[in-house]
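Positions are given from 1 along the sequence. We count ligands from 1, going down the list as the structure has it; atoms in each ligand are counted the same way.
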Amino acid sequence: MPETTVQSAPSVAAQPGGMPVLSVIVPCFNERPNVVPMIAKLDEALAGVAWEVIYVDDNSPDGTAQEVRRIAGHDPRVRCIRRVGRRGLASAVIEGALSSSADYVAVIDGDLQHDETRLPVMLSSLRAGGYDLAVASRYAEGGDSAGLPSKWRHMLSDGGIWLAQAFMPVRLTDPMSGFFMLPRSLFEQLARGLNGQGFKILLDLVLSSSAPLRVLEVPARFRERAAGQSKMDALVVVQFAGLLLDKLCGGLLPLRFFSFALVGALGIFIHLAVLATVRHSSSLSFETEQAAATIAAMVFNFHLNNSITYRDQRLSGPGLWRGLLLFTVVCGFGAIANVGIAQILYERHTAWSIAGGIGALIGVVWNYAISATLVWRSR
Ligand SMILES: Nc1nc2c(ncn2[C@@H]2O[C@H](COP(=O)(O)OP(=O)(O)O)[C@@H](O)[C@H]2O)c(=O)[nH]1
Ligand SMILES: [Mg+2]
């Protein structure tokens, strides 16, 4: 590995009843201008193959789903899954792949960055047997990662690959690739163990398999984005670290727990920082100072949990304010306990930092329970 199998496009007739042999899963968010050219490219690349494309759109404001449905109106090979109130590339891929009835599923980005002409080679290699998974690699000999938009993204990609390789039971030159194909039956088998958070579904799949997968790497170019914007950001990097951590723990501890713990720890830090600041700059009672620090930590925790812990169900617009209000009201009960307990400890000559810290800890535990059940309840 990497193996560079150069084969001609296979001719895979449609199954009886017109069932596709290959489902191409396209996770998409705000990719409207790329839909028509993408389907045209698939049509050209997969001539002779019974294929379908399944767009999984997270209710893009630019109307990507409507655009896909417009084409689906006259092309039965085109399907659309529209998810409302959800976000996430990996979970979109999982839902798309699980909606397929084809023998094989491929995953490809919807922004034309991946070279769809590699699909027939991937399919024929898998059909020939000997491999469980075909991965389009930007870093295998003959591949090309020039389409990464910046030097920063190249460095991030290199760092991620290095880290991922340390975890992988098989050596992949491009474990961060978002372009791959596998038998649907294998995907279904692995689905239960998938973490489903973040961007890195290939890594998730490979790390979820109990036996090392036999992987074929197919070199591929990575083109520059044709239209629209990348959704990759710093939080995706945080989720990547979370994914590795989750896999390291054998999936025993849910990823949200790590995120909660991290946000909670930062919340305590914010709480104490605010408490220290108001103590230096005001002559308020300790009780009032502790209450101010609690409110600051509460607002901070809400926003960070909304951005990281519940990124996939992130509240926005009016829902954000409703969520913050609900969080604040219900956490108010926790805050009363927080301030009360801290006050009792303080009156018993416990140091202000310890009294404040214990009070805040109680508030944070309360916040965990609330966020899981009431504020970001799964829809
Ligand atoms: N359904 C869904 N698709 C997403 C989401 N984030 C990114 N995508 C899609 O995943 C693919 C890769 O994302 P992109 O932003 O291009 O990542 P980059 O190529 O690493 O910069 C594109 O087709 C995006 O539209 C998401 O939250 N939900
Ligand atoms: Mg892209």
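Take Glu224 and apply the side chain to side chain donor-acceptor pair (under 3.5 Å) test, not counting sequence neighbours, and it matches no residue. Looking at residues two or more places apart in sequence or on another chain, you find a side chain to side chain donor-acceptor pair (under 3.5 Å) between Arg77 and Asp43, Asp75.
No donor-acceptor contact under 3.5 angstrom links the side chains of Arg82 and Thr64, judged on distance only. No side-chain donor from either of Arg311 and Ser259 sits under 3.5 Å from a side-chain acceptor of the other. Checked by atom type, the side-chain pair Asn306/Gln313 shows no donor-acceptor distance below 3.5 Å.
When Gln113, Met38, Glu95, Arg87 are ranked by how near their heavy atoms come to atom 27 (O) of ligand 1, first place goes to Arg87. Comparing Asp58, Leu112, Asp109 against atom 11 (C) of ligand 1, the shortest heavy-atom distance belongs to Asp109.
Ring orientation note: the planes of Phe222 and His114 are tilted relative to one another, at an angle of 30° to 60°. By the 30° and 60° cut-offs, the orientation of the rings of Phe327 relative to Phe302 is tilted.
Val24 is not listed as a side-chain neighbour of Glu52, based on a closest heavy-atom distance of 4.5 Å or more.
Here Pro27 has heavy atoms under 4.0 Å from ligand 1 in both its backbone and its side chain. Contacts between Val26 and ligand 1, counted as non-hydrogen atom pairs separated by less than 4.0 Å, are absent for every part of the residue.
The neighbour count for His349 NE2, taken as heavy atoms of other residues, nucleotides or ligands under 6.0 Å away, does not exceed 12.
Between Asp111 and ligand 1, at least one pair of N/O atoms sits closer than 3.5 Å. Of the N or O atoms in Phe222, none lie within a sub-3.5 Å distance of an N or O in ligand 1. Considering both main-chain and side-chain atoms, Arg83 never comes within under 3.5 Å of ligand 1 through any nitrogen or oxygen pair.
Close contacts of ligand 1 with Arg225, meaning ligand atoms under 4.0 Å from a residue heavy atom, involve 14 (P), 15 (O), 16 (O). When each atom of ligand 1 is checked for a heavy atom of Ala92 under 4.0 Å away, the hits are 1 (N). Listed by number with element, the atoms of ligand 1 under 4.0 Å from a non-hydrogen atom of Glu31 are 22 (C), 23 (O), 24 (C), 25 (O).
When you scan the N, O or S atoms of Asp111 for the one nearest the Mg ion (ligand 2), you land on OD2.
Taking 2.8 Å as the threshold, Asp109 does not count as a candidate ligand of the Mg ion (ligand 2), since none of its N, O or S atoms lies below it.
Residue contacts with ligand 1 include Cys28, since one of its heavy atoms falls under 4.0 Å from the ligand.
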